[in-house]
K.L.:
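Have a look at this one.
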4 protein chains.
Amino acid sequence: MSCAGFSTFGQKESNNERIFAAYSVYKGKAALSAEPAPPKFCKLDSGGIRVKRQGYILLSFSPAVAERKYDWQRKQIIMPFWAAIKIDTGFEELAVMIKVFALSATEVGALIALGPNGSCEFFHDPAMQTSNAGQVRKSFSIRANPDGTGYFMSLNVVNNIAKTNDRFSLPITSAEFAVMRTSFSFALPHIMGWDRYSSQVPNFKEENSTKVGLKSLSSEWDR
Amino acid sequence: MSCAGFSTFGQKESNNERIFAAYSVYKGKAALSAEPAPPKFCKLDSGGIRVKRQGYILLSFSPAVAERKYDWQRKQIIMPFWAAIKIDTGFEELAVMIKVFALSATEVGALIALGPNGSCEFFHDPAMQTSNAGQVRKSFSIRANPDGTGYFMSLNVVNNIAKTNDRFSLPITSAEFAVMRTSFSFALPHIMGWDRYSSQVPNFKEENSTKVGLKSLSSEWDR
Amino acid sequence: MSCAGFSTFGQKESNNERIFAAYSVYKGKAALSAEPAPPKFCKLDSGGIRVKRQGYILLSFSPAVAERKYDWQRKQIIMPFWAAIKIDTGFEELAVMIKVFALSATEVGALIALGPNGSCEFFHDPAMQTSNAGQVRKSFSIRANPDGTGYFMSLNVVNNIAKTNDRFSLPITSAEFAVMRTSFSFALPHIMGWDRYSSQVPNFKEENSTKVGLKSLSSEWDR
Amino acid sequence: MSCAGFSTFGQKESNNERIFAAYSVYKGKAALSAEPAPPKFCKLDSGGIRVKRQGYILLSFSPAVAERKYDWQRKQIIMPFWAAIKIDTGFEELAVMIKVFALSATEVGALIALGPNGSCEFFHDPAMQTSNAGQVRKSFSIRANPDGTGYFMSLNVVNNIAKTNDRFSLPITSAEFAVMRTSFSFALPHIMGWDRYSSQVPNFKEENSTKVGLKSLSSEWDR
């Protein structure tokens, strides 16, 4: 199904203003903040609305530069993630991405399904489908503490072009992880676009009711 | 309670546009996509709105025809499921249904309650309540991998009239299953129509308040 | 806080139409249907809206009168539950209530917390706070099957005035119970009125912003 | 990012009326009620909306003064929590706070993650960041009953200035705790402001579609 382009100019008027409501965890050496990004839709020629690009949960790491001061600036959150990845990825753009990791729906699924002793790791290539593919490897990992008191979350970025290796990591308590699990579970249907499937009651046009009245529909599983 | 017919002509104006936001899993031999379908309502003569037909979660299977290419066309998703089953089911219509399986509310309940070692299987007869009843048997099954790393989902369609036996199956990781469990749990109240029971604050008409003020209502369980 | 009475005449206009979307389970000897009822609100003299009466989940039992035919009529669902209990409870009104059981928020909590081997029982006195208090005892129980394949739900009504003892019971599969657990969990915040606490973005009046700008608020747990 | 002040005068018009829908548990010696408070937002100079102050779940304790009579008055719930803490905290204001405890998002996470044998305790200093810091210590604790039948919730307030030590505690059944877990899980994304991240379909401006049509966006995890 071909999908017509769309304008987002109208968004401001329709309450689609950018929201900043990250859940942030501040620890001695680094801080971590998480916030959802809704999907992008496009309009089908045949009518209807299709998800053009799935949403995600954006994890942002910031090293501590002093006590209770974190270096959020270098991350340049002002520039939206999807804008950054639209640009043909080169050195500068990779620098923009160095401290963020966008969890897909399935990666969110892995995180919320994690047991008290579980661990998981995801690998992203920010230069995928460019001539620099394979040169930069980002990995995000969650590992349970052996004593069951929580988890350790790490972002590792190996850049073979710039010869850099950045690592950000911080402990997450069970309580903080419970906030993530609950809020990520809440956000998951939204980043998939499933909150658009509402069971809205149709506009009943009573004058037409006898003419267009539906026959009793039997499904495969009606008994 | 008799239920008057209704028109859906008015839906387009009221933001009831068809949404395409399936969750899709792509594997070597097949792909699987899932999306919810809201219930159909009708208007009661006595006032009020009744669910005429429950919603469902539609699972669609597609065999891989080449690397990363899947045969979605044969499924004809453009034709809505309920339209397909409305037609008196014959050969052609059965062909339309061959790769889809519509999970009812209770079948969704079975799926989301599945433990890490659980399995379940559902049987549908697409020709039920027609003269071809019993000739075609569709079965959808979920089986846990012995090593606990995920599940195996299969759709099997045995058509005794056409003498065909189609089988589609693919592995589902624990993370993918967690996405399904979470999003299906989110969708379940919607396909039941329960999202319509909102606790809306009534329009308070203050001029009438002394006259029609309600007595303190005591329920059986107020103490 | 005193709570002014309110009129519900305006409800029809504001999309507050009665919804019929019960989840129903049909078994050999009886059927059971469940549907939520939102709370009733009243307007406070001091401004604001208060829950006047909590909502509930209404369970309705119907004995089978023939194969796949159930006696729903005797239950008189057309008459709303709260109207029935408002009337000073006598013989006729008790008859109205004989096949329904309204689960409070806490009783819903007990049901959704039930483990695979758990059981629970609730007792209601429909004549509570009348001169017939103690004469009629309704009890609803859920018991797990010993083999872990599901539950057994029963409603027992002992009426010492009419010298009657009515009992309705039916098996509930694990899948059906999962639908109840998920949909009751969804409905619970709604019957408590908590879906009214939305984090709506206020109307920002920019012309006033310097005058009424809030100081940075520090809570007890801001660090 | 600097955050402009805002007025809440406009709230009444936009359905932002104060809601009173606490979940209350009444026991022999005390009562406990819980209700969520949504976050406060502010408008960014750069456009967009930011959470200025996270929401919370407010726990309020009241000692029983007679059978089924509880001393709610001393708590002065009429005065909103954030107003109380805005005032430079002195003796009188501390008295206002003596029976309430505001659970942050992470503390709510700890509560909902509590296993059947778990326990947790949180400490707040209502005079934090004032000259009286450290003089008053409030602690809220949840402890599982050894027999697994529920929990015990306590609020302890030690005031070294007034030389007072107040303690309120009451038993919570497993069913009551399930209501709290479910409703607090529901409320958690709301007190974080995450319910504002909706995947609203943008206003499609078809006249512009060819000019501003987006290129196919590939994310790191699109395959």
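Below, all heavy atoms of this structure are taken into account, side chains as well, without hydrogens, waters or symmetry copies. The chains referred to below are lettered A, B, ... by the order of the sequence lines, with proteins before strands, and numbering in each begins at 1.
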K.L.:
Return the set of residues passing side-chain hydrogen bond (donor to acceptor under 3.5 Å, both in side chains) with B:Asn117 (not counting sequence neighbours), or none when no residue passes.
P.N.:
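Here no residue qualifies.
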K.L.:
Would you say B:Tyr23's side chain and A:Ala105's backbone share a donor-acceptor pair under 3.5 angstrom?
P.N.:
no
K.L.:
Considering only heavy atoms, give the residues of residues 172-183 of chain B separated from chain A by less than 4.5 Å, sorted numerically, with 'none' for an empty result.
P.N.:
B:Ala175, B:Glu176, B:Ala178, B:Val179, B:Thr182, B:Ser183
K.L.:
Under 4.5 Å from any heavy atom of chain A, what part of B:Ala22 do you find: side chain, backbone, both or neither?
P.N.:
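Interface part for B:Ala22: backbone (N, CA, C, O).
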K.L.:
With rounding to the nearest 0.5 angstrom, report the CZ to CZ distance, A:Arg50 to B:Arg18.
P.N.:
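Rounded to the nearest 0.5 Å, the CZ-CZ separation comes out at 12.5 Å.
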K.L.:
Short question: side chain of A:Trp194, backbone of B:Ala187 - any donor-acceptor pair under 3.5 Å?
P.N.:
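Such a contact is absent between A:Trp194 side chain and B:Ala187 backbone.
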K.L.:
Partners of A:Ser139 by side-chain hydrogen bond (donor to acceptor under 3.5 Å, both in side chains), sequence neighbours excluded?
P.N.:
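Testing A:Ser139 for side-chain hydrogen bond (donor to acceptor under 3.5 Å, both in side chains), a comparison that skips the adjacent residues, returns none.
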K.L.:
Distance from A:Leu44 atom CG to B:Ile19 atom CD1, nearest 0.5 Å?
P.N.:
9.5 Å
K.L.:
Got a second to check how far A:Tyr197's OH is from B:His190's NE2, nearest 0.5 Å?
P.N.:
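Between A:Tyr197 OH and B:His190 NE2, I get 12.5 Å after rounding to 0.5 Å.
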K.L.:
Run the side-chain hydrogen bond (donor to acceptor under 3.5 Å, both in side chains) test against B:Asn145 and tell me which residues pass, sequence neighbours left out.
P.N.:
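B:Thr149.
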